[in-house]
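Inspection log for the structure reproduced underneath, given as structure tokens.
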Amino acid sequence: MEYNFRETEKKWQEYWAKHKTFRADNNSSKPKYYVLDMFPYPSGAGLHVGHPLGYIASDIVARFKRLKGFNVLHPMGYDSFGLPAEQYAIQTGQHPAVTTENNIRRYREQMDKIGFSFDWEREVRTSDPGFYKWTQWIFLKLFNSWYNPETDKAEPIEKLIQKFERQKSKVTVGASEKLWGDCSEKERSDLLMNYRLAYLSEAWVNWCPQLGTVLANEEVKDGVSERGGYPVERKLMPQWSLRITAYAERLLNDLDTIDWSEAIKEQQRNWIGKSEGSSLRFQIADPPAGQAGSKLQIEVFTTRPDTVYGVTFLTLAPENELVQQITTAEQKQKVETYVNYAKNRSERERQADVKKVTGEFTGAYAIHPFTSAKVPIWIGDYVLAGYGTGAVMGVPAHDSRDFAFAKEFGLEIKKVIAPNDKALEKEECFDTYDGYAVNSELINGLQVKDAIKKIIGEIEKRGLGKGKVQYRLRDAIFGRQRYWGEPIPIYYENGIPKPVDEKDLPVVLPEIDKYLPTETGEPPLARAKDWKYKGKYEYEKTTMPGWAGSSWYYLRYMDPKNEKEFASRDAINYWQNVDLYIGGAEHATGHLLYVRFWTKFLRDLNYIPVDEPAKKLINQGMIQGVSERILMVTDKSIVEHFREHFQNQLPKQIDSTIFVTPELVNRSYNIFVGQIRTVDDIDFDDRFKGKLTLINVDINVTSGRGSDADWVSIDVAKFIKSRPEFSEAFFLCRDGYWHAGKFYGNGEGKFITIPAVEKMSKSKFNVVTPDDICDQYGTDCLRLYEMFLGPLEQSKPWNTNGISGVSNFIRKLWRLYHSPFEGPKDSLGGGPSRSDGGDVSPLEGGMSRSDKGDVFNVSDAAPSKQELKVLHKTIKKVQDDIDRFSFNTSVSNFMICVNELTELKCNKRAILEPLAIVISPYAPHIAEELWSRLGHKESITFAQWPEYKAEYTVENSFNYPVSFNGKTRFFTELDLALSKEQVEKEVLALEQTQKYLEGKAPKKIIVVHNKIVNIVV
RNA sequence: GCCUGGGUGGUGGAACUGGUAGACACGCAGGACUUAAAAUCCUGUGGCACUCAAAUGCCGUACGGGUUCAAGUCCCGUCCCGGGUACCA
């Protein structure tokens, strides 16, 4: 009988739920193991086949660790605050909480189907007040802390206040200096904002007046908003930010302590962007008439102070405050025009247009601190206001950007570094470190590195500046003009921001009538009626960004129901941090940096005992979607080429429907000749260049799958009727691979489709959900197949071409335990001793017996040597594979193992019982069923992993490949006990050896024990 | 540009510290069973050459060099693809 996966999988999923099999215990004598997946944002599209890839891998590890005797924490939850739900709410008026709830239900259903071993009692949702109470609590801690550079950690702000109170020296408040005791409340608040780890400050943002919100950089395209196309301007606005920069050095250094991929670590290092150099001040020369400019100075940051003698100009960022003060009357008009121009160019636009050099002369000059020469001061938008001091010294001879600027505006170029490599002497701009200083008075002749050291010393000595470390990392803007997020627990009293009292948390997200900004441009929360702290104070109206909840959620899983603390001490001390974290690499510089930041902060305040959230991180690859593109072919020879290539793949029948993604309809889309390279099995050569054309296809969409349709279909017969010129059209359709193509017409066609392999997303109409696979082949099959697809960390397009192999394997596995093999007549246990699985199942309604094949056939006879060898080979291989996260090779090994045992007609309990355990992490449902049929009353989850015994896999002989000059010629079976000399002798005595020696004496013979024999002739 | 991961049959991919390249699977071809199909099972399957056959030889891990008895694996150079990032001074 065939294995009935539908009944079996359902049965065991119900069993696990009913028995709470996967509940993790906070009080256990077992060693702990915490394996965590990045929790999903519950989107409307549901789970796609890419999601479970990582979840399956982590589930395998979790189940494996349980079998190995660990107390495993393997939880799941939802990152349920976020933009899409809010956008949907704006469009439909439906409360985001409602759509989120629906989406979560869908996700849960889908996940339950896959049989994950999550402890669902620990589920968390970031949008749940019981959860975000603690997100707000951590925010308050950040607000009430400062970073003490002396102790190099965060401390309560009270310590700083005490320090201010005690010290006699004055503090700087705005433009004046006062004693702390003399400051007003407002002044004190403003002063402390410069220290708090969560603080309010003026920051440059992308502001869209029409939408009434700040936009993230990726939401702005070509100076207009991505949604709606409204103009976006750069605006200085009060913003809540987190002082992540205080942790820059620790975030950088501690990367060396964690086992994360080098790629992610490197990305974080680049993001933090540490650079060492020096600050340097330039005095302004001859202030323009009527302005008190002589006291003004410009401070720059440079990593190349050694090139200081090459400075021929200074450039300020257009936003730099000094611009207004130093500009001369003659240049005022021009400078203003330029500043306005620069202001309205978005960040993105500036970046996209890197090659376009723009700038303006301010009319002012600065005095070179070493040569006293007068250098012109320019403004240019290649200088960023947010980095360093917003001003650079222009050294065109040794910096390619300064060079481009000088070229554009005809500024002087002065060489001060000579390359060590004479060949490079002619280069106009030489910007590497491989050289020595020239024309540089104090440092002439010194190699760059030494020159830097010496000149910094000189700069410090003369009080012009000092050696300095600069980070690219910027403080994280934390406020969003959005509704669907955690309210920031701050209220305002007389315009002074104050923290909500801890005991008043959570500040619950209020109900509002519309999810839009107010008419006056205030955030949506301003619409809330009677929403006041203690009935009288205005709350902060912005909400937290999407990454707030995910920055600490891993801690909440340890003790998710705790109402007094974010997690109890005991729980935190027991679970520590995540042992294995699995998720996408796209979070490299977002979530994965913030979660490290919050972890270090909580550690500083002694709430947790660890410095890092996750010891080991694995990034699963993306499963890409494949969608159709239509390509117009106008040249007959190309069509012939295709026909030749796919001749034997012509389908016998013609289907009258072709699927096209809606985005292709009624739109001109660009597919370039170069992109055809994605069709990897066709080699397009130059013959085809220029002969592939694209036309605008206007096809009537005749059907869809409702408003949520991912695909629409087009009736080709109808299409051809409306466009008779395509009556001979040639369609080649590909659903993943070409062999599934469909042809139309009968000859010189004009149409083909080419596939586009892209990230799976709803907007690209290429989402494939796991449900269909589960329904058709079963969950175990989906699990094995997703693992079998290739290495976990590799991205790959989704296709189901190989799934039948996995499906066959599951049936073979079943048959191994059930085939009506005849047991040995004289066996000890006596043939098919357990014939009926029905009554050993823990649940009623086991498999029904339908025919003779349904005989559970396991013998208690002693296993043969060969059988033991097969089993132990597999045990070893699978545990090694799991240890190095190579799940695809394990699946191959199961196949090999089952094939070999089938060959051996093995039906021994001593083999089949451990085998079920070994397979159970990968295919838990069928493993449970087999386990129960083997007579066990308990779930296989807590069985004991069989111990690998090397003695069973030891061979006493080896079939040596014998090679001559490295080329393998033949094999010879030799006893492994033989010494090298004996092997040599044996091999030389062989007739074949003599044949290949051709009478010559071997120069050298290499014998590698258990590996190879190589004879050098 | 910079950082990073890759490039192996018709396809997905194996090959762990240099030691039998192509495991396992898909696909394809042929066969068995069947009235037929599906399912299942068996055989073959990197390319080229030669042969009635058995066998054998040569070439093959993007390309060009190198180290080594031996290179997919190590070193140098080049090309191509994916991912990230970008006027960071």
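Side chains included, hydrogens not; waters and symmetry mates left out as well; all remaining heavy atoms used.
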Check the distance between [N]'s [atom2] and [X]'s [atom1] and give it to me in whole angstrom.
| X | N | atom1 | atom2 | value |
| --- | --- | --- | --- | --- |
| R472(A) | C87(B) | CZ | C1' | 12 Å |
| K1004(A) | U68(B) | NZ | P | 10 Å |
| L784(A) | C26(B) | CG | P | 14 Å |
| M787(A) | G12(B) | CE | P | 19 Å |
| K980(A) | C69(B) | NZ | C1' | 12 Å |
| L592(A) | G84(B) | CG | C1' | 13 Å |
| E262(A) | C2(B) | CD | P | 19 Å |
| E586(A) | G82(B) | CD | P | 18 Å |

Please give the distance between the [atom1] atoms of [N] and [M] as a whole number of Å.
| N | M | atom1 | result |
| --- | --- | --- | --- |
| G82(B) | C59(B) | C1' | 30 Å |
| C63(B) | C81(B) | C1' | 15 Å |
| U67(B) | G84(B) | P | 40 Å |
| U8(B) | G46(B) | C1' | 10 Å |
| G83(B) | C87(B) | C1' | 22 Å |
| G77(B) | C3(B) | P | 13 Å |
| G64(B) | G9(B) | P | 15 Å |
| A71(B) | U78(B) | P | 24 Å |

Each nucleotide of nucleotides 17-22 of chain B classed B (base within 4.0 Å of a protein heavy atom), S (only sugar-phosphate) or -, in 5' to 3' order, makes --BBS-
Scan the side chains in residues 1008-1017 of chain A for donor-acceptor partners under 3.5 Å anywhere in the protein, sequence neighbours excluded, and list what turns up.
{"residue": "N1014(A)", "atom": "OD1", "partner": "S963(A)", "partner atom": "OG", "Å": "3.0"}
{"residue": "N1014(A)", "atom": "OD1", "partner": "G966(A)", "partner atom": "N", "Å": "3.0"}

Check: [Y] main-chain N/O paired with [X] side-chain donor or acceptor under 3.5 Å:
| X | Y | answer |
| --- | --- | --- |
| T307(A) | G310(A) | no |
| S807(A) | I803(A) | no |
| D306(A) | I452(A) | no |

Please state whether the phosphate of [N], meaning OP1 or OP2, lies under 4.0 angstrom from any side-chain nitrogen or oxygen of [X].
| X | N | value |
| --- | --- | --- |
| Y387(A) | A89(B) | yes |
| R304(A) | A89(B) | no |
| N899(A) | A25(B) | yes |
| N808(A) | U40(B) | yes |
| Q794(A) | G12(B) | no |
| S261(A) | U4(B) | no |

Take the angle between the ring planes of [X] and [Y] and call it parallel below 30°, perpendicular above 60°, tilted in between.
| X | Y | value |
| --- | --- | --- |
| F894(A) | Y922(A) | perpendicular |
| F970(A) | Y996(A) | parallel |
| F405(A) | Y382(A) | tilted |
| H591(A) | H587(A) | perpendicular |

Between [options], which one does the side chain of [X] approach most closely?
| X | options | answer |
| --- | --- | --- |
| M895(A) | C3(B), A25(B), A23(B) | A25(B) |
| E266(A) | U85(B), U4(B), A89(B) | U4(B) |
| L384(A) | U85(B), A89(B), U4(B) | A89(B) |
| P791(A) | G12(B), G13(B), C87(B) | G13(B) |
| I896(A) | A23(B), C3(B), U40(B) | A23(B) |

If the glycosidic angle is within 90 degrees of 0 it's syn, otherwise anti, so just tell me which one G5(B) is.
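It is anti.
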When we call it a touch if two heavy atoms are under 4.0 Å apart, what does [X] touch: a base, just sugar-phosphate, or nothing?
| X | value |
| --- | --- |
| S804(A) | sugar-phosphate |
| N888(A) | sugar-phosphate |
| R269(A) | nothing |
| F809(A) | nothing |

Name the residue closer to the 5' end of RNA chain B, choosing between T889(A) and N893(A) according to the nucleotide with the nearest heavy atom.
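Whichever sits nearer the 5' end wins; that is T889(A).
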Which residue, L473(A) or S795(A), contacts RNA chain B at a nucleotide closer to its 5' end, judged by nearest heavy atom?
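First, find each residue's nearest nucleotide; the 5'-ward one identifies S795(A).
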Which atom of N619(A) lies closest to which atom of S261(A), heavy atoms considered
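Heavy atoms of N619(A) and S261(A) come nearest at OD1-OG, 3.7 Å.
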What residues form a salt bridge (Lys or Arg N to Asp or Glu O under 4.0 Å) with R969(A), not counting sequence neighbours?
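For R969(A) there are no salt bridge (Lys or Arg N to Asp or Glu O under 4.0 Å) partners, ignoring immediate neighbours.
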Tell me, please, which residues at least two apart from D475(A) pass salt bridge (Lys or Arg N to Asp or Glu O under 4.0 Å).
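Per chain and number, D475(A) pairs via salt bridge (Lys or Arg N to Asp or Glu O under 4.0 Å) with no residue.
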N/O contacts under 3.5 Å, protein versus nucleotides 55-58 of chain B?
{"residue": "G57(B)", "atom": "OP1", "partner": "R969(A)", "partner atom": "NH1", "Å": "3.3"}
{"residue": "G57(B)", "atom": "OP1", "partner": "Y996(A)", "partner atom": "OH", "Å": "3.0"}
{"residue": "C58(B)", "atom": "OP2", "partner": "R969(A)", "partner atom": "NH1", "Å": "3.2"}

Counting heavy atoms not belonging to K414(A), are there more than 12 under 6.0 Å from its NZ?
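Yes, the 6.0 Å shell around NZ holds more than 12 heavy atoms from other groups.
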Check: T889(A)/S892(A) side-chain N/O donor and acceptor closer than 3.5 Å
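Absent: no donor and acceptor within the cut-off.
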Taking Watson-Crick and G-U wobble contacts under 3.5 angstrom, with | marking pairs to another strand and [ ] crossing pairs, the secondary structure of RNA chain B is written (((((((..(((......[....)))((((((.......))))))((((......))))..(((((..]....))))))))))))....
Does the Lys NZ or Arg CZ of K876(A) fall within the cation-pi geometry relative to Y948(A) - under 6.0 Å from the ring centre and within 45° of the axis?
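Judged by the rule (NZ or CZ under 6.0 Å from the ring centre, within 45° of its axis), K876(A) counts as positioned above Y948(A).
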May I ask you to check whether F788(A) and Y785(A) place their ring centres under 6.0 Å from each other?
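No - the distance between ring centres of Y785(A) and F788(A) does not fall below the 6.0 Å cut-off.
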